[in-house]
> 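Supplied in structure tokens, the structure appears directly below.
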Amino acid sequence: MKPIYEEVYRPWHGRLVPDPRTWLIIARTGIRLQWKRAMIYTLLFSTIPFLVRAGQIYAATRLADFPELAQMVQELKIDAAFFSGFLQGQAFFVFLVLIIAGAGQIANDRKFRALSIYFSRPVLFRDYISGKFLIVGWYGSLITLVPGLLLFLFMVLLSTDGTFFSDHWWVPLALLGQSAIILLSLGGVILALSALTGRARSAAILFFGLLTIPEMIRGILPGLPSLGFVSLQALLKQSNALLFGQELPFAFSAWAGLVVLAVITGLSLLALWQRVRPTEVVR
Amino acid sequence: MSVTLNDFTISYGDLTAVDCFSAVLTSGTIGLLGPNGAGKSSLIKGLLGLVPLSGGSATVLDMDVATDPKGIRQNIGYMPEDDCLIPGLTGIGMVQYAGELSGMGQIDAMQRAHEVLFLTGLEEARYRNVETYSAGMKQRIKLAQALVHDPRLLLLDEPTSGMDPQGRQEMLDLIQNISSHGTMSIILATHILVDVERTCEQVLIMNRGRVLRQDGIEELHGTYGGAYQVRVEGDRERFQADLDSRGCKVSPGSRQSLEVTLPQGGDTDLILESSRATGVQLRKLVSSVQSLEDVFMKLIVEDDEADL
């Protein structure tokens, strides 16, 4: 009896359409792969400060009419500093999310030699790196930009006279700008470490060290304001204060700090360019 | 024409892996045969634009390697030598992802991924994470991801490396299957002669980055002009002397046989007459065919000796 179906190679008759958004395919798959238990828990815990801040907004706008609460409500001032403080408070969760989403991102591709699969297809370096940035950016913005904008929207909806929006219309732009600075600089650093070390764990440890050790040194030597330039945390606090129109916490120029952050991002890209290669030549 | 190479050179610092390589690889299944370090993998990577050219030029499917690497990669399927996996994905996920990266739509890529995983014998394991695959399964998934977009040219770099004998046979069957039912050309780089003999129509033998010979399998197997392996029972010396006197060239062969080359225009009757005349019993008379291994070894040894 002949088999009803013979397993032979059958050509595909479809048409290949070069997609200029290859980076989107890489990002989409990467985002799906990172949706794991550690990420879900981190995102869940990160909603606690968001809910607390949302409660503050509700109290400040709805409980002012109660005389017994008036004193407390007056202290809850919802302004640019409120949103600036929210972003600073998310720093720990940003750190965790970047480690979970970013540390293994390129290290694992190198470990499993996946780069030759990517680069033997119509994928360019910029597609690959943009896709990887989008993965860490996506999860990072779920901790920073998205809740920040939701809080702003919540405040706009609850404020009855419209003065809040007219006074603070620029806050969403500041939220967007500061989130972009955080995610581009820290995202670049974690991806570069992932590519340089080739091991997710090593990248995570180095990232932790880079964030904490310079900050500790800066704390030990408060008399040297220029040390702020080597601390990523200090640089980000400084840019936060600049964008939200707050008093600068450190005695160095905020604009110079932004330039240093741009240089750090540039160096990260350079490291990625050096290490993300389809083939490794063993000399 | 699949691939044209003109003085194609690839160097890694001081080391020249592919040295002024010029060849035309037509359609069909072509074996790139050479010992380890001959430059086969570097040649393939150079064709894909994965390593920069140090000199010369090449076109693949009429596209220039230097100016249109993206166009080339869209039309090529590449099965790398090393274990290459995309961590975290299942078999079906990885092949679908590979298809999408090559320009297939999401649904097309999914359907096609199922098809090629069935073909490569991974249908049972397609929902398993690729990191849990055995060595043989990793080879198969590499082939599946190279096939998913039905490329015009398939580059296979050591496709049977690390496989057990049964797995090797199955992989070679698969390559034959693809070659006979597909429309694509195949370049198979290997150091295993049997793999080439079994699957290829043409062979390109290379050593130390250079082409030593390019020919069809049949031509390489070509018989020596009227050469035969002869084994006799009886007085061998007398038989040999008689053949010499009849104008044959006789040399000792393997297992006590003789390699007899007939004179111009001579035929096997000459050997039969000689055995009758000398009273030896003819036990074996077969046409002497040179194996691919003979050719390969001869060329490699000659090339190595020439370099000393």
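Chain letters run A, B, ... following the sequence lines, proteins first, then strands; residues in each count from 1.
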> Highest number of heavy-atom pairs under 4.5 Å with chain B: which of R113(A), R28(A), R121(A)?
R121(A)
> For chain A, which of A98(B), G49(B), P69(B) has the most heavy-atom pairs under 4.5 Å?
A98(B)
> Picking from D109(A), I26(A), N108(A), which has the most non-hydrogen pairs under 4.5 angstrom with chain B?
I26(A)
> Heavy atoms only, distances under 4.5 angstrom: which of G14(A), S116(A), G104(A), P11(A) has the most pairs with chain B? Name it, please.
P11(A)
> Sort out for me which of R112(B), Q111(B), Q145(B), K142(B) touches chain A most, counting heavy-atom pairs under 4.5 Å.
R112(B)
> Checking Q106(B) against chain A: side chain, backbone, both or neither under 4.5 Å from a heavy atom?
side chain
> Answer yes or no: is there a side-chain heavy-atom contact under 4.5 Å between Y78(B) and F119(A)?
no
> Top residue by heavy-atom pair count (under 4.5 Å) with chain A, among L155(B), L174(B), I178(B)?
I178(B)
> Taking atom CZ of R126(A) as the centre, does the number of heavy atoms from other residues, nucleotides or ligands within less than 6.0 Å exceed 12?
no
> Counting only heavy atoms closer than 4.5 Å, note whether I25(A) contacts chain B via side chain, backbone, both or neither.
both
> For M94(B), is it the side chain, the backbone, both, or neither that has a heavy atom closer than 4.5 Å to a heavy atom of chain A?
side chain
> So with a 6.0 Å cut-off around CD of E124(B), is the heavy-atom count from everything else above 12?
no
> Under 4.5 Å from any heavy atom of chain A, what part of P87(B) do you find: side chain, backbone, both or neither?
both
> Pick one of side chain, backbone, both or neither for L89(B), based on which atoms fall under 4.5 Å of a heavy atom in chain A.
both
> Checking heavy atoms, do the side chain of L147(B), its backbone, both or neither come under 4.5 Å from chain A?
both
> Got a second to check how far K70(B)'s NZ is from D127(A)'s CG, nearest 0.5 Å?
5.0 Å
> Does a side chain donor of either R73(B) or S120(A) reach within less than 3.5 Å of an acceptor in the other side chain?
no
> Can you check whether L101(B) reaches Y118(A) side chain to side chain, under 4.5 Å on heavy atoms?
yes
> Under 4.5 Å between any side-chain heavy atoms of W12(A) and E115(B), yes or no?
no
> Would a 4.5 Å heavy-atom cut-off, applied to side chains only, mark Q176(B) and Y9(A) as touching?
no
> Please say whether more than 12 non-hydrogen atoms of neighbouring residues, nucleotides or ligands are located less than 6.0 Å from NZ in K111(A).
no
> With a 4.5 Å cut-off on heavy-atom pairs, point out which of M104(B), M79(B), M184(B), K45(B) contacts chain A the most.
M104(B)
> Which atoms form the tightest heavy-atom contact between H149(B) and L16(A), and what is the distance?
CB-CD2, 3.8 Å
> If we only count heavy atoms from C-beta on, is the I86(B) to T29(A) side-chain gap below 4.5 Å?
no
> Would one find more than 12 heavy atoms of other residues, nucleotides or ligands at under 6.0 Å from atom CG of L51(A)?
yes
